[in-house]
Amino acid sequence: MDVSERVKAIAPSLTLEMAAKANKMKADGKDVVSFSAGEPDFNTPDYVLEAGHEALYMGLTKYTPASGTVKLKEAICEKLERENGLHYTTKSIVVSNGAKHSLSNACLATLNEGDEAILPSPYWLTYPELIKLAGGVPKYVPTQSRNGFKITADELKSAITEKTKLFILNNPNNPTGAVYTKKELESLARVLEDKDIYIIADEIYEKLVYGCKHYTFPSFGEKIKERTILINGMSKTYAMTGWRIGYSAANEKLTSAMSSLQSHCTSNPNSIAQWASYKALTGKEGDEFLQTMKATFTSRRELILKLLKAAKIEYVEPMGAFYVMVSVRPYFGKSFEGQTIDSAHEFAHMLLDNAHIATVPCESFGAPDYLRLSYAASERDIERGIDAFAQFVKKLTA
Ligand code: PLP
């Protein structure tokens with residue numbers, strides 16, 4: 001007996017493969033510098049930890065409504081109004097087990113068999129798999145480095161066919177760190193506003209932008225808001241990756257469909273984490289935590305870019321999130337101890353084996369010439385890691 005065709009179509013995660021190898025090396029006593037983290041290296045702030053504790057003793061240990069508690073949904077609506085200038089009621093919100101779960105709901109609620117979903121490339125590796133699981137077909141649109149790896153209105157227009165049902169916009173972007181300007185978003189909105197195309201706007205990194213401003217996509221007109229499923233969550237903003245709370249804001253029809261889907265797949269998201277998220281969003285301490293985290297990421301970003309530049313390692317300047325893409329194209333065809341490098345995947349393995357640096361090769365992000373380096377790492381590790389990277393590439397022979 002075989003597994004279903006549906007799960008057979010899912011690609012294995014190269015990210016997990018690298019992380020597993022790095023962890024094994026660490027367990028064997030090797031001093032590995034990890035640039036592979038996809039999460040802030042901060043603890044969840046104390047006031048949120050206390051709320052989690054409090055929830056247990058308040059008896060919040062039972063099922064909640066499938067789409068989340070009213071209190072948390074109200075706090076999400078207030079956040080969207082206060083920080084993003086968006087007006088939604090609780091009927092537009094579904095709280096899920098992480099933004100990834102919200103994305104899964106969104107793909108399943110919008111796509112039919114054979115529908116096309118436009119995905120600017122590079123992209124976060126989960127999107128194509130969720131599109132395929134929902135029966136859709138990812139339509140990759142390569143973005144250009146001269147445009148900062150951002151899809152243009154013309155590129156979007158040319159990718160639309162009568163089968164297009166969905167467009168996924170990840171802003172700020174994982175892995176490129178691209179952040180769209182107001183003008184760029186406006187021009188994308190003008191292409192989409194009269195089309196029967198849903199938009200998933202994944203804005204999970206909205207708070208982590210450097211020297212620029214983040215604009216939320218549903219703010220670009222009522223027609224756009226009506227078609228957009230806005231995705232956000234607690235993971236990156238409040239260092240709550242393990243708590244698994246994300247949410248969507250969308251029109252009431254889609255929201256009710258996603259809520260019903262979720263009720264059968266998982267029932268509700270964790271009751272304790274929902275209370276902690278409610279406190280995270282409404283507590284005054286949140287601003288201070290975020291400011292500290294952002295200041296730390298700002299100086300780490302400056303440090304890693306300075307070191308990469310000094311070592312003459314090519315990179316794409318990131319404006320948001322906590323990743324920097326490094327080009328390994330210049331090393332293709334070169335050798336290390338007789339072994340020739342012909343892919344980012346191979347380079348990443350050789351770098352890990354020989355220099356003890358864990359990175360993420362970007363083949364499964366649609367960027368086969370790049371590695372993704374996460375600077376959710378200490379300044380000391382950034383210094384050691386980039387130095388070891390530079391020493392490694394010096395040893396490559398033509
Ligand atoms: N969207 C993007 C672009 C991400 O990078 C991630 C996590 O890495 C997520 C969504 C998922 O976040 P969550 O932990 O809320 O599922």
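Quick note: numbers below take in every heavy atom, side chains included, and nothing from hydrogens, waters or symmetry partners.
- Ile118 contributes atom CD1, which lies 6.5 Å from atom NZ of Lys139 (distance to the nearest 0.5 angstrom).
- Here the rule is salt bridge (Lys or Arg N to Asp or Glu O under 4.0 Å) with Glu206, and of Lys294, Lys79, Lys236 only Lys79 fits it.
- Of the charged side-chain nitrogens involved, at least one lies within less than 4.0 Å of a carboxylate oxygen, so that Glu83 and Lys207 count as a salt-bridged pair.
- Under the 4.0 Å criterion applied to side-chain N and carboxylate O atoms, Asp387 and Arg384 are not assigned as salt-bridge partners.
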Item to check | Worked check of side chain to side chain donor-acceptor pair (under 3.5 Å) between Lys21 and His349 | outcome: CA-CA 9 Å; Lys21 185 166 168 180; His349 274 285; 2.8 Å; yes
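- Using bins of under 30°, 30° to 60° and over 60° for the plane-to-plane angle, the ring pair Tyr127/Trp124 lands in the perpendicular bin.
- Checked against the 6.0 Å centroid threshold, Phe42 and Phe297 count as a close aromatic pair.
- Within the 4.5 Å cutoff, the side chain of Trp243 has no heavy atoms near those of the Met234 side chain.
- Here Phe322 and Tyr205 bring their ring centres to under 6.0 angstrom of each other.
- Looking only at atom types and distance, the side chain of Thr110 has no donor-acceptor partner in the side chain of Lys165 under 3.5 Å away.
- With respect to the salt-bridge test (charged N to carboxylate O, under 4.0 angstrom), the residues Glu186 and Lys183 do not qualify.
- Taking the six-membered ring for Trp and thresholds of 30 and 60 degrees, Phe289 and Tyr238 have nearly parallel ring planes, at less than 30 degrees apart.
- When each of Asn170, Thr216, Asn171 is paired with Glu203, the side chain to side chain donor-acceptor pair (under 3.5 Å) condition holds for Thr216 and for no other.
- Atom OG of Ser67 sits about 10.0 Å away from atom CE of Met258, to the nearest 0.5 Å.
- Salt-bridge annotation for Glu383 and Arg380: absent, with no side-chain N of the basic residue lying under 4.0 Å from a carboxylate O of the acidic one.
- Under the 3.5 Å distance criterion, with hydrogens and angles disregarded, a donor-acceptor pair is assigned to the side chains of Ser96 and Gln262.
- Two rings, from Phe392 and Phe336, have their centers less than 6.0 Å apart.
- Using a 4.5 Å heavy-atom threshold, the side chains of Ile93 and Leu80 count as touching.
- Figure legend: Lys213 and Tyr215 shown as a cation-pi pair, the cationic atom lying under 6.0 angstrom from the six-membered ring centre and within 45 degrees of its axis.
- Between atom NZ of residue Lys195 and atom CG of residue Leu156 there is a gap of 8.0 Å, rounded to the nearest 0.5 Å.
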